[in-house]
Amino acid sequence: LRRLRERLARSGSPLGARLLSVLSRDTLTEDDWDELEETLLLADVGAGPTDEIIQALRTRVRVEGLSAPGQAREVLREQLLALVDPSLDRSLRTEPVTAADGTPAPAVVLVVGVNGTGKTTTVGKLARVLVADGRSVVLGAADTFRAAAADQLQTWGSRVGVPTVRSDRDGADPASVAFDALRTGRAEGADVVLVDTAGRLQNKAGLMDELGKITRVLSRDAPLSEVLLVLDATTGQNGMQQARVFGEVAGVTGIVLTKLDGTAKGGIVVAVQRELGVPVKLVGLGEGPDDLAPFDPEAFVDGLLG
Ligand code: GDP
């Protein structure tokens with residue numbers, strides 16, 4: 001978390017700095033309010049949440065004024081924190097579950113999202129976190145479209161020391177690979193099965209069919225523990241469009257926001273949570289194996305405010 005804060009601080013956090021510089025002015029004109037609004041929109045906070053925060057700030061300023069030093073920061077901090085919603089349950093469900101036949105089964109975590117957002121990397125990092133925590137993990141390479149994708153996952157598997165279930169041939173049925181991974185996980189008494197998927201948005205109907213089938217196959221005997229949607233924080237409104245598309249598929253339970261190290265536009269956290277109604281649970285802060293952190297609202301907002 002300290003790392004998250006440091007990195008967000010290092011990324012320059014112009015959002016917090018710009019908001020504070022406007023908000024600290026002696027009297028706020030309509031132009032100042034427009035500037036605040038624009039700053040929030042540019043940081044990908046989204047139109048609805050931006051309206052909310054502006055209204056709330058206007059009320060606070062009218063009622064209390066912002067005369068005391070540091071008060072602007074405190075008010076802004078409270079409002080941003082409320083938008084990020086610290087009350088959401090962000091824990092990752094990775095405890096083993098009970099299958100329909102009463103036997104214990106691994107927790108299944110399905111990872112979905114558009115190619116290039118960081119799915120495979122996230123699966124690798126997550127495996128590492130779980131293994132460090134003493135859990136046994138099996139990886140499933142259900143992106144069978146490109147052999148390179150399975151290779152990449154397998155490389156992560158070797159690096160972390162966990163088995164990777166994959167198909168030998170390109171174009172194999174992704175759902176059957178996912179099912180194989182689950183079967184292997186059960187046979188080996190694994191705690192968690194992490195399934196990586198393809199994300200070719202060019203063929204939306206095909207992709208949705210594919211994910212639907214994977215979901216059905218994986219939840220035949222026991223409910224899926226998590227469906228994590230991976231979004232690239234640097235893609236702004238494109239990311240929001242993706243979130244909408246994937247949100248329509250079998251219940252996303254959490255969001256992983258990757259490449260937060262590469263942007264100061266952290267406002268996407270607020271926008272995407274609102275859009276999907278599910279919390280950001282994890283953030284990606286780099287390409288390395290240790291660059292995955294639980295999302296911490298307070299650290300995040302402090303990072304934004306610098
Ligand atoms: P996939 O196609 O969705 O599986 O995406 P990959 O896992 O292959 O990642 C695409 C690229 O993004 C790779 O070069 C990763 O190293 C990089 N990447 C993934 N997560 C992060 C992150 O949190 N920060 C940064 N800077 N790069 C990331």
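Start at 1 and go down the list; that is how both ligands and their atoms are numbered.
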Measuring only between side-chain heavy atoms, which start at C-beta, is V195 closer than 4.5 Å to F179?
no
Going by heavy-atom distance to atom 22 (C) of ligand 1, choose the closest among A149, G288, G113, G286.
G286
Considering only heavy atoms, which of T120, T234, T122, V256 lies nearest to atom 4 (O) of ligand 1?
T120
Carboxylate-amine/guanidinium proximity below 4.0 Å for [X] and [Y]:
| X | Y | answer |
| --- | --- | --- |
| R128 | D290 | yes |
| K119 | D143 | no |
| R166 | D151 | yes |

Is the side chain of N115 donor-acceptor paired with the backbone N or O of G199 at a distance under 3.5 Å, no angle test?
yes
What I want to check is whether the side chains of T103 and D101 have a donor and an acceptor closer together than 3.5 Å.
yes
Between Q241 and R244: side-chain donor-acceptor atoms closer than 3.5 Å:
yes
Protein contact of [atom] - nearest heavy atom, named by residue and atom, plus distance:
| atom | result |
| --- | --- |
| atom 5 (O) of ligand 1 | G118 N, 3.0 Å |
| atom 10 (C) of ligand 1 | G116 O, 3.6 Å |
| atom 7 (O) of ligand 1 | T121 OG1, 2.5 Å |
| atom 17 (C) of ligand 1 | E287 OE1, 3.8 Å |
| atom 11 (C) of ligand 1 | K259 NZ, 4.1 Å |
| atom 3 (O) of ligand 1 | K119 N, 2.8 Å |

Under 4.0 Å to a heavy atom of [X] - the qualifying atoms of ligand 1, by number:
| X | result |
| --- | --- |
| L285 | 23 (O) |
| Q152 | 6 (P), 7 (O), 8 (O) |
| G284 | 23 (O) |
| V114 | 3 (O) |

Please tabulate, one pair per line, all N/O donor-acceptor pairs under 3.5 Å involving side-chain atoms of residues 281-289, not counting sequence neighbours.
residue	atom	partner	partner atom	Å
K281	NZ	S91	O	3.1
K281	NZ	E226	OE1	3.2
K281	NZ	E226	OE2	3.0

Polar contact flag for N115 and ligand 1 (N/O pairs, less than 3.5 Å):
no
L76/L80 under side-chain contact (heavy atoms from CB on, under 4.5 Å): CA gap, chis, key distance, verdict
CA-CA 6 Å; L76 191 55; L80 286 172; 4.1 Å; yes
Using a 4.0 Å heavy-atom cut-off, which part of D261 comes near ligand 1: side chain, backbone, both, or neither?
side chain
